[in-house]
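A quick write-up on the structure given underneath.
For ligands, and for the atoms within them, numbers begin at 1 and follow the listed sequence. When reading the values below, keep in mind they use all heavy atoms of this one structure, side chains included, and skip hydrogens, waters and symmetry mates.
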Amino acid sequence: MELWQQMIRDSVHTVDHLVEKFEMDRGEAERLNEFFQVRINPYYLSLIRSKNDPIWLQCVPNIKELHDFDASDDPLMEDAMSPVPNITHRYPDRALFLTTSQCGLYCRFCTRKRKVGNSEKISMKGLEAAFKYLEKHTEIRDVIMSGGDPLMLTDMMLEKILKRLRLIPHIEIIRIGTKMPCVLPQRITPKLVDMLKKYHPIYINTHFNHPWEITEESSKACQMLADAGCPVGNQMVLMKGVNDNPFVVKELMQKLLKIRVRPYYIYMADETKGANHFRTSISKGLEIIEHLRGWTSGLAVPHFVIDAPGGGGKIPILPNYVLHLDDEKIVLRNYQHKVYTYKNVEEENPVLPAVKKKQNQPGRAIVRELTAPEAVTTPEPRKNPPVLAEA
Ligand SMILES: *Cc1c(COP(=O)(O)O)cnc(C)c1O
Ligand code: SF4
């Protein structure tokens with residue numbers, strides 16, 4: 001057994017553990033454990049500094065989870081957009097592929113609480129149908145392995161999946177969504193990264209939410225992935241009591257860059273049943289982005305998005321930098337609230353068809369409407385490229 005597997009075994013996971021470690025009421029612990037299972041591995045447990053600190057809140061069950069009666073357990077409509085059990089296909093050219101129900105830690109804010117940790121709901125039996133779907137759908141050029149956490153699979157099983165995906169010619173890139181670098185960095189072993197690099201291009205998306213999660217161990221894990229040629233991105237979820245503070249987020253983003261992880265998304269917390277107590281106001285998110293853009297490296301500024309309830313996908317939200325927009329000019333303000341004007345020019349050959357000018361709508365003069373996604377194609381490469389004059 002590898003060290004990380006032993007650490008999973010040594011996790012806090014029973015009602016007795018909850019009562020002993022966290023002085024929880026037994027009845028409450030039972031109901032919570034039944035609602036969404038508990039797993040706090042010894043590494044992540046060691047990061048807790050005090051009761052209700054940002055690490056504690058992410059992993060220790062809270063009675064508020066059970067008071068969340070009205071919320072949906074699938075606000076993003078992932079199941080409705082699932083053509084076969086382990087696939088969610090929401091966007092034209094990429095698909096989410098659930099490969100396991102297991103995680104190195106069960107996060108109390110998880111958006112997939114309805115399935116994660118339950119091997120009947122995300123089952124290995126579904127893998128074959130998923131491969132068939134991916135093979136048949138030649139428009140899919142990007143597969144995002146998720147779960148659960150794909151790095152809960154053994155190296156051998158993971159390699160089987162990667163090998164199979166690499167046999168599908170239209171799949172250009174593979175992404176692995178994993179919290180392991182953050183919650184159980186011991187999972188990132190030399191053997192794992194040596195295997196991964198045979199299947200490039202592989203992108204890793206990881207999930208750090210607080211600067212205390214950046215430790216010697218997690219730094220090493222991210223650097224090993226980067227050294228193996230995997231670009232590593234981070235998705236952070238904005239959560240009350242965890243990271244709803246511009247200074248905390250800026251510190252996290254800057255520390256991620258130091259360990260070669262590029263901030264990719266900041267999400268508003270989803271309206272998931274049992275996780276609504278983590279939600280913050282939208283203005284809090286905007287305040288955080290305002291505090292990043294311009295004030296620190298652009299590389300440290302992720303896209304701030306809401307994953308739209310109802311399955312609309314990730315929609316970016318920006319502080320309002322555009323004060324005015326018409327056919328002649330755009331008036332902008334910068335990060336310091338100084339105002340600048342940029343002159344517009346007329347577009348002679350718009351790439352996108354069907355330009356519709358919306359009358360009498362300030363700031364909407366140059367809205368262009370896409371008739372259909374198919375209408376936009378890359379131009380064919382030129383048959384006879386011009387011969388360059390010799391120097
Ligand atoms: C997030 C997500 C993706 C990937 O979106 P990107 O913006 O390309 O990172 C794909 N499919 C589903 C269902 C998703 O939720
Ligand atoms: S690792 Fe991801 S899938 Fe697993 S519990 Fe945490 S957020 Fe949910």
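The nearest protein atom to atom 8 (O) of ligand 1, hydrogens excluded, is given as Arg94 NE, 2.6 Å; this is a heavy-atom distance. Nearest protein neighbour of atom 4 (Fe) of ligand 2, counting heavy atoms only, is Cys103 SG, 2.3 Å. Here the protein heavy atom with the shortest distance to atom 8 (Fe) of ligand 2 is Cys110 SG, 2.3 Å. The protein heavy atom nearest to atom 6 (P) of ligand 1 is Tyr264 OH, 3.5 Å. When hydrogens are left out, the protein atom nearest atom 2 (Fe) of ligand 2 is Lys179 CD, 4.4 Å; that is the closest non-hydrogen contact. If you check which protein heavy atom lies closest to atom 11 (N) of ligand 1, you get Tyr91 CD1, 3.7 Å.
Within 6.0 Å of OH in Tyr265 there are more than 12 heavy atoms belonging to other residues, nucleotides or ligands.
When only modelled atom types and interatomic distance are considered, Ser101 and Ser119 share no side-chain donor-acceptor pair under 3.5 Å. Between Arg112 and Ser146, the side chains place a donor N or O and an acceptor N or O closer than 3.5 Å (distance only, hydrogens not considered). Side-chain contact annotation: His207 with Asn209, donor-acceptor N/O pair under 3.5 Å present.
Of all heavy-atom pairs between Ala269 and Val237, the closest is CA-CG1, 3.8 Å. Of all non-hydrogen atoms in Asp149 and Gly177, the two that sit nearest each other are OD1-O, 4.2 Å. Residues Arg9 and His13 share a closest heavy-atom pair of O-CE1, 4.4 Å.
Of all the atoms in ligand 1, the ones that sit under 4.0 Å from a non-hydrogen atom of Tyr265 are 6 (P), 7 (O), 9 (O). Those atoms of ligand 1 with a heavy atom of Thr88 less than 4.0 angstrom away are 13 (C). Those atoms of ligand 1 that come under 4.0 Å of a heavy atom in Arg175, given as number and element, are 4 (C), 6 (P), 8 (O), 9 (O). Numbered from 1 in the order shown, with element, the atoms of ligand 1 that lie under 4.0 Å from a heavy atom of Ile144 read 3 (C), 4 (C), 10 (C). Atoms of ligand 1 found under 4.0 Å from any heavy atom of Lys314, numbered from 1 in the order shown, are 1 (C), 2 (C), 3 (C), 4 (C), 5 (O), 14 (C), 15 (O).
If you look at Trp4 and Tyr43, their ring centroids are not closer than 6.0 Å. Residues Phe109 and Phe36 keep their aromatic ring centres 6.0 Å or farther apart.
The parts of Cys107 lying near ligand 2 are both backbone and side chain, judged by heavy-atom distances below 4.0 Å.
For a threshold of 3.5 Å applied to N or O pairs, the pair formed by Glu78 and ligand 1 contains no separation below that value.
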